[in-house]
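Report on the structure given below.
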Amino acid sequence: MARATPLEKVRNIGIMAHIDAGKTTTSERILYYCGESHKLGEVHDGAATMDFMVQEQERGITIGSAATTAFWRDHQITVIDTPGHVDFTAEVERSLRVLDGAVALFCAVGGVQPQTEQVWRQSERYEVPKVAFVNKMDRIGADFFHVVDSVRSTLKSNPVPLVIPVGKEENFKGVVNLLTMKAVYFDEATQGLTVIEEDVPDNLKEEAGRWRENLIEKIAETDDELLEKFFDGEELTLEELIPAIRKATIERKIVPVLCGTAFKNKGVQVLLDAIVDYLPSPLDVSHICGFPSAHETEADEKTITRLPEDTEPFCGLAFKIVADKHMGKMVYVRVYSGVLEMGATVWNSTREQQQRIGRIVRMHANKQEAIDRAHTGDIVAIVGLSRTRTGDTICTRDNPILLETIEFPTPVISISIKPASRNDSEKLMAGLQTLSDEDPTFIVTTDEETEETIISGMGELHLEVIVDRLKREFGVEAEVGRPEVAYRETPTISVHGDFKHAKQSGGRGQYGHVYLRVEPQEPGKGFAFVNEV
């Protein structure tokens with residue numbers, strides 16, 4: 001069966017930013033303008049579609065990355081809304097590993113913030129092309145051009161504004177599209193659904209002309225033919241500029257910059273156009289490179305190449321695991337090549353195990369849409385892969401391949417945990433096991449010296465959410481200790497001493513003579529007892 005949307009019209013994108021830059025609000029507007037939701041859900045009301053966890057609604061922050069699929073201009077856009085809090089950086093890591101492009105959000109007041117730098121580095125590690133969106137242009141202190149400068153200086157990138165704002169702070173009305181040289185406004189009466197194009201206001205014509213020249217110059221620098229035309233003084237047409245911007249964005253030579261205010265419903269349609277026009281499809285991300293799986297050959301270090309096409313053998317990467325109370329264990333998979341059908345048998349080349357596909361669903365936040373098959377480029381959730389873990393490769397047994405797995409940061413904080421009553425003991429261990437399967441940065445261990453159960457995570461908020469989920473989802477009341485740093489001391493110099501014990505109280509008496517020398521070992525050697533009697 002042929003795919004519904006051609007592969008060149010598929011976009012898999014993530015929204016990444018520092019906490020409170022407006023990621024979830026922007027995701028809500030994308031769903032609204034694409035017709036996927038008919039009411040605007042707000043984060044501060046706990047009604048956002050993408051923040052469906054109770055802990056997210058109570059705290060007003062994103063904790064887990066949520067995926068949904070929408071359509072804009074006949075293009076299929078799978079959007080993953082990622083957390084901005086540093087404690088949940090693993091969610092950003094695994095999302096960026098499987099995405100083709102990203103929207104980097106910046107607060108118009110805060111600009112480049114600490115977590116912005118972290119997620120930017122993560123995206124650069126996976127070579128993800130980006131479009132920047134300067135949000136919250138309606139806030140006091142908003143400065144679009146300052147944010148553009150800080151992206152250039154702090155993130156060492158090449159930002160190219162495609163729009164400039166019309167007004168700012170409470171007077172922010174819309175944007176000037178530098179490609180068409182038209183002012184674009186968003187009707188407040190229809191919550192921004194009606195987009196109005198007008199001539200550029202007189203007071204902005206000179207500035208808009210200057211920034212359009214900057215745009216053309218930056219694009220011409222990335223293309224020899226356009227550079228020749230530019231030096232010859234010829235005008236570059238829209239038909240030449242859009243493909244050139246797309247090519248330069250995919251090659252990560254530039255970062256197109258847009259602006260707006262998602263909360264006030266301004267600028268999001270222009271962002272959607274940019275996602276479609278400039279971010280890559282699975283076809284643009286070249287071929288997939290993997291390695292022969294261990295059972296095939298251990299000595300041979302050759303790589304295997306797969307093209308992103310439905311006709312190729314199936315391979316995909318499991319990047320997220322969720323325990324659903326109705327569906328059981330669901331594994332999120334990015335399909336890199338081939339077609340995956342419901343009921344098919346697949347090979348987990350990481351663990352060398354055969355497993356059967358129970359159901360395939362397309363996710364809309366926490367709602368599922370059952371589908372019969374997943375095509376190349378799709379991001380779906382699969383029921384039935386009970387022994388699959390985050391980072392595993394699934395493929396066909398006849399054509400095994402091993403994709404590069406996902407590396408997660410090491411946990412930084414640990415606390416002890418114990419059940420509040422003896423009846424909760426089994427439920428506690430089952431809950432901890434399920435949560436550690438979901439989250440690779442949540443580790444459960446047993447301290448051999450104290451015989452305590454120790455849970456480790458990325459921060460106090462991370463562990464607080466884990467304990468809250470144990471109570472709500474697994475019905476476990478648990479007592480937790482205070483975070484402590486475990487350390488041992490070691491001598492820095494060699495010392496010695498002796499002690500003579502002599503005690504006579506009738507009979508044979510007691511006598512002992514101990515000579516003890518303590519000296520430091522080489523770093524990493526541990527403890528050694530040497531008897532030199």
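Along the sequence shown, residues carry numbers from 1. Here the structure is a predicted model, which means the values were calculated and not measured.
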Any sub-3.5 Å donor-acceptor pair from [X]'s side-chain atoms to [Y]'s backbone N or O?
X	Y	answer
E93	I406	no
S337	P313	yes
T154	V151	no
H75	V10	no
D223	A220	no
K23	H18	yes
S150	V147	yes
R11	L279	yes
N177	K182	no

Check: Is the Lys NZ or Arg CZ of R334 less than 6.0 Å from the centre of Y332's six-membered ring, within 45° of the axis?
Finding: no

In this structure, are over 12 heavy atoms from other groups packed under 6.0 Å from [X] atom [atom1]?
X	atom1	result
D74	CG	no
E228	CD	no
E369	CD	yes
R359	CZ	no

Next item on the list: Sort out for me which residue in T376, N399, V339, V346 forms a side-chain contact (heavy atoms from CB on, under 4.5 Å) with F314.
Entry: V346

Check: Can D398 and T396 be said to form a side chain to side chain donor-acceptor pair (under 3.5 Å), step by step?
Finding: CA-CA 5 Å; D398 297 336; T396 59; 6.0 Å; no

Note to self: Show, in sequence, the C-alpha distance, side-chain angles and deciding distance for N158 and R152, and conclude whether the side chain to side chain donor-acceptor pair (under 3.5 Å) test is met.
What the structure shows: CA-CA 6 Å; N158 185 18; R152 181 181 295 110; 5.2 Å; no

Electrostatic pair [X]-[Y], nearest N-O below 4.0 angstrom:
X	Y	result
E404	R97	no
K266	E188	yes
R389	D392	no
R373	D378	no
D277	R246	no
D138	K168	no
E124	R252	yes

Item checked: Least distance between heavy atoms, A262 atom then V268 atom -> CA-CG2, 4.1 Å

Next item on the list: Grab the two heavy atoms, one from P201 and one from Y185, that are nearest each other, plus how far apart they are.
Entry: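 Smallest heavy-atom distance, with atoms named: CG-OH, 3.6 Å.
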
Next item on the list: State, with a plain yes or no, whether a side-chain heavy atom of E312 is found less than 4.5 Å away from one of Y336.
Entry: no

Notebook entry, point to check: Quick one: CD on Q76 to CD1 on I379, what's the gap to the nearest 0.5 Å?
Noted result: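 Rounded to the nearest 0.5 Å, the CD-CD1 separation comes out at 9.5 Å.
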
Check: Taking the six-membered ring for Trp, are F145 and W211 parallel (under 30°), tilted (30 to 60°) or perpendicular (over 60°)?
Finding: parallel

Note to self: side chain to side chain contact (heavy atoms under 4.5 Å, CB included), that's the test. Do K130 and W120 meet it? Break it down for me.
What the structure shows: CA-CA 9 Å; K130 293 170 282 292; W120 195 275; 3.5 Å; yes

